[in-house]
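Read the structure below first, then the notes.
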Amino acid sequence: MSDSLITVVVPVYNEEQNIKPLLDRLLPVVKKYQYEVIFVDDGSTDKTAGVVKKYSAKNPALKLISFYRNFGHQMALFAGYESATGSAIVTIDADLQDPPEIIDEMVKKWQSGAKIVYAKRRERQGESFFKLGTATFFYKLINFLSDTPIPNEVGDFRLLDKTVVNYLKNLKEKPDFLRGLVAWPGFPTQYVFFKRDKRFSGDTHYGFFKMLNFAIEGIMSFSTKPLRLATYFGFLSAGLGFIGLLYEVVKRILYPETFVTGWIGIFVAVMFLGGIQLMTIGIIGEYIGKIYKEIQNRPNYLIKEKINL
Ligand code: UDP
Ligand code: MG
């Protein structure tokens, strides 16, 4: 197995400062194997593509795919999977938050039979309390809602056997949430542990709203439970309304002299019901939006340029 090809896929979006430091650490690791490194430039507006080209001119194992515009991290990863020729495919961030050195351990676990090897974060550094909190909450929520267990504290730093990548390539749906799609079939899985470092240079591209959107994407892709919850909310509020009605009728029969104030009650009921209705329509809308996107079936990304591929 030591002569089999290892592909490393690196999605890059405005990472010009990080390419050299990444290669300085990644190449000594992958040189032990037959390797290719595929950079996927996700519509960078800085010199990222230029920097990669400079290195790929000297080394044919360093390859580049450039998109016309930013199609997002998941699509960049997917493009890497679609062009990878290795027997094992590792995806890693460009910002050195993921230590390339543990690829050796991942390869060992793969050689001993794992089809998926996740790098699991034991600790994270240089990330805000808020990001950690929201990430934990997200994993709890998605695992509560989803029928596919999505591994906790695992990002997109992982090794996949060719079999898994072929399964991904053959899916007919949008690869909007690769973590879930990778976990779904239940391939033999192993973990290696690491400490997540600070970003080497630049800022995260995942601000609050992007994270929130990604989380909603994940939930919608892997669960229809929100629709079920909406149904329960409907039953609950209808039930409450019915109890209220009974109470009113009984009170009027037994105590007809009671003066009716109660506008506050009506106000609360209207707000509550209105809220639930809007929420429910929103949830249904999200799923319809997803169906619409799948039916449009637009390409996942558009390639402007390929180097060494
Ligand atoms: N990235 C990308 N397209 C995007 C956003 C990010 O290709 O639209 C890349 C980015 O260059 C990096 C990786 O995806 O290599 C992870 O992004 P980032 O470090 O910003 O996310 P975080 O580690 O903060 O979750
Ligand atoms: Mg990062």
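Start at 1 and go down the list; that is how both ligands and their atoms are numbered.
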Exercise for the section: Give a yes-or-no answer on whether the side chains of Tyr33 and Asp104 include a donor-acceptor pair shorter than 3.5 Å. Expected result: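 On atom types as modelled, these side chains qualify, holding a pair under 3.5 Å.
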Exercise for the section: For Gln74 and Asp156, test the side chains for any donor-to-acceptor distance below 3.5 angstrom and give the result as yes or no. Expected result: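 Present: a donor and an acceptor within the cut-off.
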Handout entry: Salt-bridge present (Lys290, Glu173; N to O < 4.0 Å)
Key =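 Looking at Lys290 and Glu173, the cut-off is not met.
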Side chain or backbone, does [X] bring an N or O within less than 3.5 Å of an N or O on ligand 1?
X	answer
Asn70	yes
Gly72	no
Ala76	no

Problem - NZ/Lys225: more than 12 non-hydrogen atoms of other groups inside 6.0 Å - result: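 Counting neighbours around NZ of Lys225, more than 12 heavy atoms of other residues, nucleotides or ligands fall under 6.0 Å, so yes.
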Exercise for the section: Could you tell me the angle subtended at the Mg ion (ligand 2) by OD2 of Asp95 and OE1 of Gln97, rounded to 10°? Expected result: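 About 100° at the Mg ion (ligand 2).
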Handout entry: Region of Asp42 engaging ligand 1 - heavy atom pairs below 4.0 Å
Key =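 It is the side chain that gets close, since no backbone atom is under 4.0 Å.
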Handout entry: Heavy atom of Met75, distance to ligand 1 below 4.0 Å
Key =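 For ligand 1, residue contact (heavy atoms, under 4.0 Å) with Met75 is absent.
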Problem - Shortest protein contact, atom 16 (C) of ligand 1 (heavy atom only) - result: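 Protein heavy atom with the smallest distance to atom 16 (C) of ligand 1: Asp93 OD2, 3.3 Å.
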Exercise for the section: Would you please indicate if the ring centroids of Phe177 and Phe214 are separated by under 6.0 Å? Expected result: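 Yes - the distance between ring centres of Phe177 and Phe214 falls below the 6.0 Å cut-off.
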Exercise for the section: Between Gln74, His73, Arg199, flag the one that comes closest to atom 18 (P) of ligand 1 by a heavy atom. Expected result: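 Going through Gln74, His73, Arg199 one by one, Arg199 has the nearest heavy atom to atom 18 (P) of ligand 1.
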Handout entry: Steps toward side-chain contact (heavy atoms from CB on, under 4.5 Å) verdict (Arg121, Phe194)
Key = CA-CA 5 Å; Arg121 308 182 263 251; Phe194 75 108; 3.7 Å; yes
Practice task
List every atom of ligand 1 that sits less than 4.0 Å from any heavy atom of Arg196, numbering the atoms from 1 in the order shown and giving each element.
Solution key: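 Every atom of ligand 1 under 4.0 Å from some heavy atom of Arg196: 23 (O).
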